[in-house]
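Working notes, beginning with the structure itself.
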Amino acid sequence: MIDIASQLKAIHREVSRLPAASGETVSVRLRREYPAPVEDVWDAVTDPDRLKRWFLPISGDLRAGGSFQLEGNAGGDILTCEPPRLLKVTFGGPTSLVELRLTADGDDTVLELEHSVPIEIAGSGAGALYVGPGWDGAVMALALFVAGETIDDPVATANSVRGQEFSRQSVHAWRDVVGASGTAGPDEIAAATEVSLAQFAPDLGAAGQPEQP
């Protein structure tokens, strides 16, 4: 059983609007610590046989300069791959960038994930609500995996009532982070929250209970 409160608390979240060479971007950042060596965490996020056990099956030319495709999800190009510290890829489009940074902290590993897109795509900082909860679910699933917990079907687990309740609370956590960041107005946040809840917790009502038929 997922301890939702502790799993959500373990993730540090940030949202910012940043200048870039091609214009302003919206950046979504997550940070979490794992009780595992950096080499093991790197292997868990890059080895196809391990990745499919907690995230999604992956295919492609998995090296710097190659490309990848996640089953039923995004694909992209592998821009940088420097084991066991840095992975940078496009994700779903050439201007959608995901950077994964791993840092050893004694026997543990600090994982930082940054997903940035142009302001034209995100609309405002409220765009974080469209991707942040999904990344929350991923870093939580990775924590369970490196701890040795068996996940028979990661997609089914995420879509279960318990998984959707995690996502529902994650949406609210990101809503609060976006509000505190000053990167979006109240109406933008409210609209994005509604869309995010429909995306990540479609079977739960406003009170977090399964909708009645």
Side-chain angles (χ1 to χ4, degrees), residues 1-15 26-34 44-45 51-58 70-74 91-92 96 98 100 111-117 121-147 149-181 183-184 186 188-213:
M1 177 84 60
I2 301 170
D3 184 342
I4 291 176
S6 64
Q7 291 291 341
L8 288 170
K9 187 177 180 180
I11 304 169
H12 174 77
R13 305 166 184 83
E14 295 179 39
V15 178
V26 172
S27 172
V28 174
R29 290 189 296 275
L30 301 86
R31 184 171 66 250
R32 175 164 183 159
E33 188 162 341
Y34 296 89
V45 300
L51 189 64
K52 69 182 180 183
R53 291 162 59 192
W54 64 271
F55 190 43
L56 290 169
I58 190 171
L70 291 165
E71 186 175 292
N73 203 290
F91 198 81
S96 173
V98 171
L100 194 66
L111 178 149
E112 293 181 295
L113 186 152
E114 182 171 5
H115 189 171
S116 60
V117 298
I121 295 176
S124 69
L129 282 152
Y130 304 137
V131 297
W135 289 124
D136 270 8
V139 299
M140 182 269 292
L142 177 59
L144 298 178
F145 180 71
V146 298
E149 296 193 29
T150 301
I151 306 173
D152 293 329
D153 185 336
V155 174
T157 298
N159 291 332
S160 68
V161 171
R162 191 69 176 169
Q164 289 190 51
E165 177 58 21
F166 172 89
S167 294
R168 188 185 73 86
Q169 294 189 34
S170 170
V171 170
H172 293 158
W174 280 104
R175 176 200 61 194
D176 294 344
V177 169
V178 174
S181 73
T183 59
E188 293 172 312
I189 296 171
T193 298
E194 184 176 353
V195 172
S196 187
L197 287 170
Q199 176 184 354
F200 292 106
D203 300 324
L204 300 186
Q209 299 297 323
E211 296 280 16
Q212 297 301 315

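From a predicted model like this one, the values you see are computed outputs, not experimental measurements. Reckoned from all heavy atoms, side chains included, excluding hydrogens, waters and symmetry mates.
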(request) Let me see the working for Ile2 and Glu165 under side-chain contact (heavy atoms from CB on, under 4.5 Å), right down to the final yes or no. (result) CA-CA 10 Å; Ile2 301 170; Glu165 177 58 21; over 6 Å; no

(message) Under the criterion side-chain contact (heavy atoms from CB on, under 4.5 Å), I'd like the reasoning laid out for Leu144 against Met140: C-alpha separation, chi angles, the key distance, then a yes or no.
(response) CA-CA 6 Å; Leu144 298 178; Met140 182 269 292; 3.6 Å; yes

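Taking all atoms of both residues into account, the shortest heavy-atom contact from Ala198 to Pro202 is O-CB, 3.3 Å. Minimum heavy-atom separation, Val171 to Pro133: CG2-CG, 3.7 Å. When all heavy atoms of Gly92 and Ala74 are compared, the pair lying nearest together is N-CB, 3.9 Å. Between Gln169 and Leu8, the shortest heavy-atom contact is CB-CD1, 3.4 Å. Nearest approach of Gln7 to Ala143, heavy atoms of both residues: OE1-CB, 4.2 Å. Contact detail for Ala184 and Val178: the closest heavy-atom pair is CB-CG1, 4.0 Å.
The shortest distance between side-chain heavy atoms of Thr183 and Val26 does not fall below 4.5 Å. Put simply, the side chain of Val117 does not reach to within 4.5 Å of the side chain of Val131, judged on heavy atoms. Under the 4.5 Å side-chain criterion, counting only non-hydrogen atoms from C-beta, Trp54 is not in contact with Val146. Within the 4.5 Å cutoff, side-chain heavy atoms of Val28 are placed close to those of Trp174. Here the side chains of Arg31 and Glu14 are in contact, with some heavy-atom distance below 4.5 Å. The side-chain heavy atoms of Val161 and Asp203, taken from C-beta on, include no pair separated by under 4.5 Å. Contact of the Leu197 side chain with the Arg168 side chain is registered, since non-hydrogen atoms from C-beta on lie closer than 4.5 Å. Using a 4.5 Å heavy-atom cutoff, the side chains of Val45 and Phe145 are not in contact.
Within the cation-pi definition used here (under 6.0 Å to the ring centroid, within 45° of the axis), Arg162 does not qualify as a partner of Phe166.
Around the CD atom of Glu194, the shell of radius 6.0 Å holds no more than 12 heavy atoms that belong to other residues, nucleotides or ligands.
Under the salt bridge (Lys or Arg N to Asp or Glu O under 4.0 Å) criterion, Glu114 pairs with Arg29, Arg101, sequence neighbours left out.
For Ser196 (side chain) and Leu129 (main-chain N/O), a donor-acceptor pair under 3.5 Å exists by modelled atom type. A distance-only check finds no donor-acceptor pair linking the side chain of Arg32 to the backbone of Leu30 [under 3.5 Å]. A donor-acceptor pair under 3.5 Å is absent between the side-chain atoms of Tyr130 and the main chain of Ala122, judged by distance alone.
Between His115 and Phe91, the ring planes lie perpendicular to each other; the angle is over 60°, past the 30° to 60° tilted range.
Note: Ser181 OG to Ile189 CD1 = 7.0 Å, rounded to the nearest 0.5 Å. Atom CD1 of residue Ile11 and atom NZ of residue Lys9 lie 13.0 Å apart, to the nearest 0.5 angstrom.
Within the structure, salt bridge (Lys or Arg N to Asp or Glu O under 4.0 Å) pairs that include any residue of residues 170-180 do not occur (at least two apart or interchain).
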